[in-house]
Amino acid sequence: MNLILNHSLKSYIKVFLVGIFVGCICRLTDYFPANTLWSFSSIQTLVGFWIITNTVIVLLSTSNICAGISSFLYMFGMTLSFYGLQAILGMFIPLFSGGFRFTLFLLFTVLSIPCAIAAFILYYWNRDNLFNSVLYSLPVGALVSEIIAVSMSFPEHPTFLFQLLMDSIGVIAFFPIFFKRAKSKMLYIAASIISSFIFFLIFPW
């Protein structure tokens, strides 16, 4: 199976369908008990999940336009199935009652646009210049900031263990890949530290 994404209808349909599938999974896991150590509930509401999946989309894309459109279609497909599945299953299963939440659907569809813009910009890390070191640091910095935030609240809210492990695996996977590609290794490390601090301050943990 070709995992490379390109500027074609076939590729965009593939990304959209992946988004549909992921949205369904997130919708179903949202009904897991939220008071257990290995809770899967609401993983899609935390930052790391979006960062990891959209970073993978950028890495697999062949152009900045492809990255931006693919990111939007993935997010839109996920949002559509996330709220659509609840409405469909709610007609047969009381657990999924609540209907189609159009306001939230519209909100997250709108939020898909800045994600697409971010993916469009991040793709420029493929250029051979010093600024690519800064771009490579951004996903890592954001993941590290969530690791810090989750770790600080973990003693009181241990239900985020799954998210903590997901973010940690993301950093372990992305950091060496981006370190190898970065034009300036020292700038990449410094920017990762600085972006971690900035994201920690600006995200609504």
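The residues of the chain are indexed from 1 along the displayed sequence. Basis for what follows: all heavy atoms, side chains included, without hydrogens, waters or symmetry-related copies. For clarity, every value in this text was computed on a predicted model and none was experimentally measured.
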Exercise for review: Show the numbers, then the answer: is there a side chain to side chain donor-acceptor pair (under 3.5 Å) between Asn54 and Ser71?
Suggested key: CA-CA 6 Å; Asn54 278 282; Ser71 175; 2.6 Å; yes
Check your understanding: Given the rule in the ring pair (Phe, Tyr, Trp, His ring centres under 6.0 Å) test, do Phe175 and Tyr188 qualify, once you have shown the distances and angles that lead to the verdict?
Key -> CA-CA 10 Å; Phe175 187 86; Tyr188 168 68; 5.1 Å; yes
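Residues Ile148 and Ile172 do not share a hydrophobic cluster, defined by chaining ILVMFWY side chains whose heavy atoms lie under 4.5 Å apart. Under a hydrophobic clustering in which Ile, Leu, Val, Met, Phe, Trp and Tyr are joined whenever their side-chain heavy atoms come within less than 4.5 Å, directly or via other members, Ile113 and Leu73 fall into the same cluster. In the hydrophobic clustering of this structure, Met186 does not group with Val140; members are Ile, Leu, Val, Met, Phe, Trp, Tyr whose side-chain heavy atoms approach within less than 4.5 Å, directly or through other members. Under the 4.5 Å side-chain heavy-atom criterion for grouping Ile, Leu, Val, Met, Phe, Trp and Tyr, Val110 is not connected to Phe108 through any hydrophobic cluster. By the criterion of side-chain heavy atoms lying less than 4.5 angstrom apart, applied directly or through intervening Ile, Leu, Val, Met, Phe, Trp or Tyr residues, Ile169 is not grouped with Val150; the two fall into different hydrophobic clusters.
Summarising the local packing, CZ of Phe21 is surrounded by 12 or fewer heavy atoms from other residues, nucleotides or ligands at distances under 6.0 Å.
You'll find the side chain of Leu143 stays beyond 4.5 Å of the side chain of Phe199, heavy atoms only. Residues Phe100 and Gln86 fail the side-chain proximity criterion, which asks for heavy atoms closer than 4.5 Å. At least one side-chain heavy atom of Phe174 sits under 4.5 Å from a side-chain heavy atom of Ile52. Contact check for Tyr12 versus His7: side-chain heavy atoms found under the 4.5 Å cut-off. The shortest side-chain heavy-atom distance between Phe179 and Tyr136 does not fall under the 4.5 Å cut-off. Side-chain contact between Val22 and Tyr74 is present, with heavy atoms from C-beta onward closer than 4.5 Å. Within the 4.5 Å cutoff, the side chain of Thr79 has no heavy atoms near those of the Leu107 side chain. By the 4.5 Å heavy-atom criterion applied to side chains, Ser168 and Ile147 are counted as neighbours.
Remark: Leu9 CG to Ile13 CD1 distance equals 4.0 Å, nearest 0.5 Å. Residue Leu122 holds its CG atom at 11.5 Å from CD1 of Ile57, rounded to the nearest 0.5 Å. Taking SG from Cys115 and CZ from Phe120, the interatomic distance works out to 15.5 Å, rounded to the nearest 0.5 Å. To the nearest 0.5 Å, atoms CD (Glu146) and CD (Gln163) are separated by 4.5 Å. Of the inter-residue distances, the one linking Ile25 atom CD1 with Ile20 atom CD1 reads 12.5 Å to the nearest 0.5 angstrom. For the atom pair Ser70 OG and Met75 CE, the distance stands at 13.0 Å (nearest 0.5 Å).
For the residue pair Ala67 and Tyr123, the shortest heavy atom distance occurs at CB-CB, 4.2 Å. Counting all heavy atoms, side chain and backbone alike, Cys26 lies closest to Thr29 at O-OG1, 3.1 Å. The two residues Phe82 and Arg27 make their nearest non-hydrogen contact at O-CD, 2.7 Å. For the residue pair Phe178 and Thr55, the shortest heavy atom distance occurs at CZ-CG2, 3.8 Å. Across every non-hydrogen atom of Ser145 and Phe203, the tightest pair is OG-CD1, 4.0 Å.
Aromatic ring centres of Trp125 and Phe131: separated by at least 6.0 Å.
In this structure, Asp167 contributes its side chain and Leu164 its backbone to no donor-acceptor pair below 3.5 Å. The closest donor-acceptor contact from the side chain of Ser133 to the backbone of Ser184 lies under 3.5 Å. No side-chain donor-acceptor contact under 3.5 Å links Ser195 to the backbone of Leu138. The closest donor-acceptor contact from the side chain of Ser11 to the backbone of Ser8 lies at 3.5 Å or more, if one exists at all.
The only member of Ile4, Val15, Leu5 that meets side-chain contact (heavy atoms from CB on, under 4.5 Å) when paired with Cys66 is Leu5.
In this pair, Phe72 and Phe76 present their aromatic rings parallel. The plane angle is below 30°, not in the 30 to 60° band.
A cation-pi arrangement is absent between Arg101 and Tyr83 under the rule of less than 6.0 angstrom and at most 45 degrees off the ring axis.
A donor-acceptor pair shorter than 3.5 Å cannot be found between the side chains of Tyr124 and Asn132.
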